[in-house]
Every structure is written in structure tokens, then in C-alpha cells.
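Notes to accompany the following structure.
Chain letters run A, B, ... following the sequence lines, proteins first, then strands; residues in each count from 1. The structure presented is a predicted model; accordingly, all values stated were derived computationally and were not measured.
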2 protein chains.
Amino acid sequence: MSKKPIELTEAEWRIIKAVWAGEPCTAPGIQSVLEGETGWTYSTVRTLMDRMVVKGLLAAKKLGKMTTYRAVATPRQAQRGELMYALKNAFNGALTPMVECLLNTRDLTSDELDKIELLIQTKKRDVNKTPGRG
Amino acid sequence: MSKKPIELTEAEWRIIKAVWAGEPCTAPGIQSVLEGETGWTYSTVRTLMDRMVVKGLLAAKKLGKMTTYRAVATPRQAQRGELMYALKNAFNGALTPMVECLLNTRDLTSDELDKIELLIQTKKRDVNKTPGRG
DNA sequence: CACGATAATCTACATACGTAGAGAATGGCA
DNA sequence: TGCCATTCTCTACGTATGTAGATTATCGTG
């Protein structure tokens, strides 16, 4: 039942983010949105989108002469998939080292640190409420 | 000068982790280590390793009939690269949401939470010492 | 020195990915 | 109704990736 983790290439990320931003949408629409940053032609965008449909990342529906697309994968799922990939491969599933590496990745503002600390605190409260997993 | 971020495929991750674990090493050695989990033949392992040399991930040196390999990419670099990929594509560079998603990825033990909280606290102290960026 | 075990080299092939052109279809407007 | 613009469909091609077989070279041993 549980869908296996999603993995997206950079090109696919660009596409799906544009789709999320304006669902439902058309290939020409996405192309014009991405044209500036990528320089992709209509053909390129269309090919990518159709391949993503095959992969189950997007869904397409034909309306008259146009095809509209919407995302099947949610931002959460996609983000999760990316994280799982890194977690599994780069950190052998160990979450704390991954967080640590992330925190060292760049200088954090004290604002960011505060936010993250708050997240931890909230989590802690949850852990105490919800009986722990094994 | 600054090396551009490293990205590894799953196969490459397996290889490089085995290499890190026993540098310097040989292809037959890595193959026998990975045989159980992957079923890869010598040819497969060898091809992967040589391609990784071309990419600058590993370095090879010939000693008599054997070729020994060592990693060029460090674990830090490789992990960093993976993280950057996710950060850039899945989170548009926003670190806090990434940490948040990570924390929601699975139930954390209160031990893990403590460790992470400690990391934050340490960071906070650093921020106060080191003059902030911008 | 000849042979067998081990390692190496070369070649191959299917699938995925990035990128796109050429030509067909279709719908709206003059 | 015919033409033009818009969109679609098909095909293509180079590189990357996963996977590996066939053949050759080499080192140590008898």
C-alpha cells in the first residue's frame, strides 16, 4: 500500500514546482513560466511532463485540443522522498547526524535557530504525550 | 576553486561507503564486500569504480597487476552534496522547513531529541561569538 | 618454464535523462 | 470556409547509469 519513495531529478523538480504553483496547468503555460530560468523549449517541457505522467508524478487530462496537467505527488511526498534518499544513502538512516550536518551547512541566523529549537521543544512535548514506539 | 557539489547515485553511494571503510582497497575486495547485499559481479563493481575515478570521486593507482583505489571525496563532502541537493530542489534553500520535515519524517526518541536540542544550543552559543553574516 | 588462479581490459546493451526539431492537427477569426 | 497561430505528436540523439560477459594479461607455484 505505502507508495515507495519518490525521487525527482532537478529537471523534474523545476517542472513539478511550477505545476504546484498553478494547477491545473498546460504544457505551454509551464514552458512560458520556466522559459526564463531554463531556456527550455516547448518540446522539452512537454517531454518531461509526459514522462512524469508515466512515472505517476503528474496526471494529464485532455480538454479539446489542450492537455491539462495536475500534480499527483504532493510537495510533502516529494520533499519526504528527497530527504529519505539522503538519509538512507548519505547517513545510513541516522537522523541526528543528518540534522547536525544540515546545521553545519551554512551559518544560521539566531532567528532560524530559535525556530528550530521551538520545533524540537514541540516535538518533545509530543513524545511525552504519545506513547513511544518500541 | 570551490568544488561544485557532489552528487552520488545509490550505486555510487554503496561503492564509496565500502571504499571509505577500507581504504586503500581493490575492486575485487570491494566486490566481495558488496556481493552479499548487491549481488554485483566483479565487472559491475569495476565499471562503477572506474567511472567514479573519471568523475573525480575516487583515485586509482596501479601496483603490479592490481589497481588500488582510495576515495577523493570525503564523507563530509558527499553528505553535504546530498543535503544541498535536497535543500536546493525540495526546499528552495530554506533550511528551517527542511529541518522540520526531517523531524516529522519519523518518530524520534527523546534521546535523539535531546541530542538535537544540544546541537542547537551549541550553535546558538557559536552565533553569539562569531559575528553574524549580514 | 608452463599452468592455473586472479585481476584486468574491452565491449555491449538496455533503460533513463536532457534536450529538441519536424510535421500534423485543431480551433478561432477574417 | 480558408488561413494562421497554437498545440500536439513523433522521432531522434547524445550522455549517463546499471549491469555484465568475453577475452586477455599477469603473478606465483610446481
Side-chain angles (χ1 to χ4, degrees), chain A residues 4-19 22 24-69 73 78 81-82 85 89, chain B residues 4-19 22 24-70 73 78 81-82 85 88-89:
Chain A
K4 48 220 58 165
I6 293 169
E7 274 159 43
L8 302 175
T9 66
E10 281 195 67
E12 289 169 340
W13 269 110
R14 283 187 192 278
I15 297 282
I16 209 169
K17 284 194 278 191
V19 172
C25 57
T26 67
I30 297 296
Q31 192 269 325
S32 68
V33 166
L34 295 182
E35 170 129 62
E37 40 172 310
T38 65
W40 289 337
T41 66
Y42 166 78
S43 280
T44 298
V45 171
R46 183 66 198 249
T47 302
L48 288 171
M49 292 179 80
D50 285 341
R51 286 180 184 166
M52 288 171 79
V53 169
V54 173
K55 290 190 193 179
L57 297 170
L58 301 181
K61 183 193 297 195
K62 208 165 285 183
L63 294 182
K65 81 161 163 176
M66 305 180 88
T67 305
T68 51
Y69 295 83
E82 215 57 75
Y85 182 87
N89 295 295
Chain B
K4 49 220 57 167
I6 293 170
E7 275 159 42
L8 301 175
T9 66
E10 280 196 67
E12 290 169 340
W13 269 109
R14 283 188 192 277
I15 297 282
I16 208 168
K17 284 195 277 192
V19 172
C25 57
T26 67
I30 297 297
Q31 191 269 323
S32 66
V33 166
L34 294 182
E35 170 129 63
E37 39 173 311
T38 64
W40 288 338
T41 65
Y42 167 78
S43 279
T44 298
V45 171
R46 184 63 199 249
T47 301
L48 288 171
M49 292 179 81
D50 285 341
R51 286 181 185 165
M52 288 170 78
V53 169
V54 172
K55 290 189 192 180
L57 298 170
L58 301 180
K61 184 194 297 197
K62 207 166 286 183
L63 294 182
K65 83 160 162 178
M66 305 181 89
T67 306
T68 51
Y69 295 83
R70 60 186 188 73
E82 215 57 75
Y85 182 87
K88 180 170 79 119
N89 295 295

Taking atom CZ of B/Arg46 and atom CD1 of B/Ile15, what is their separation to the nearest 0.5 Å?
11.5 Å
Nearest of C/dC17, C/dT9, C/dT19 to any side-chain atom of A/Thr47?
C/dT19
Can you find a heavy atom in the side chain of B/Leu48 that is under 4.5 Å from one in the side chain of B/Arg14?
no
Would you please confirm or rule out a distance under 4.0 Å between OP1 or OP2 of D/dT9 and any side-chain N or O of A/Lys62?
yes
In whole Å, I'd like the distance from the CD atom of B/Glu7 to the C1' atom of C/dC17.
14 Å
Here the pair of heavy atoms bringing A/Val53 nearest to A/Tyr69 is CG2-CE2, 3.8 Å
Strictly below 4.0 Å: does A/Thr67 bring a side-chain N or O up to OP1 or OP2 of D/dC8?
yes
Cut-off 3.5 Å, side chains only: do B/Thr47 and B/Thr44 have a donor facing an acceptor?
no
Rounded at 0.5 Å granularity, tell me how far CG in B/Leu8 sits from OH in A/Tyr85.
7.0 Å
Grab the CG-P distance between A/Leu57 and C/dC17 for me, whole Å please.
10 Å
Measure the distance from CG on A/Leu63 to P on D/dT7 and round it to the nearest whole Å.
13 Å
For A/Glu10 and C/dT19, give me the distance from atom CD to atom P, rounded to whole Å.
10 Å
Proximity to the side chain of B/Lys65 - top-ranked nucleotide from D/dT17, D/dT26, C/dC17
D/dT26
Nearest-0.5 Å distance, CD1 of residue A/Ile30 to NZ of residue A/Lys17
13.0 Å
In whole Å, I'd like the distance from the NZ atom of B/Lys55 to the C1' atom of D/dT15.
11 Å
Starting at atom OH of B/Tyr69, determine the distance to atom P of C/dA7, rounded to an integer number of angstrom.
12 Å
Ignoring hydrogens and geometry beyond distance, is the side chain of B/Thr9 in donor-acceptor contact with the base of D/dA16 at under 3.5 Å?
no
Do the side chains of A/Arg51 and A/Glu12 get close enough for a salt bridge, i.e. N-O under 4.0 angstrom?
no
Rounded distance in Å - CG (B/Asp50) to C1' (D/dA20):
14 Å
If I take atom CD1 in residue B/Ile30 and atom P in nucleotide C/dA8, what distance separates them, rounded to the nearest angstrom?
12 Å
Of A/Met66 and A/Arg51, whose nearest nucleotide on DNA chain D comes first from the 5' end?
A/Met66
Within residues 34-46 of chain B, those residues having any heavy atom closer than 4.0 Å to DNA chain D are B/Trp40, B/Thr41, B/Ser43, B/Thr44
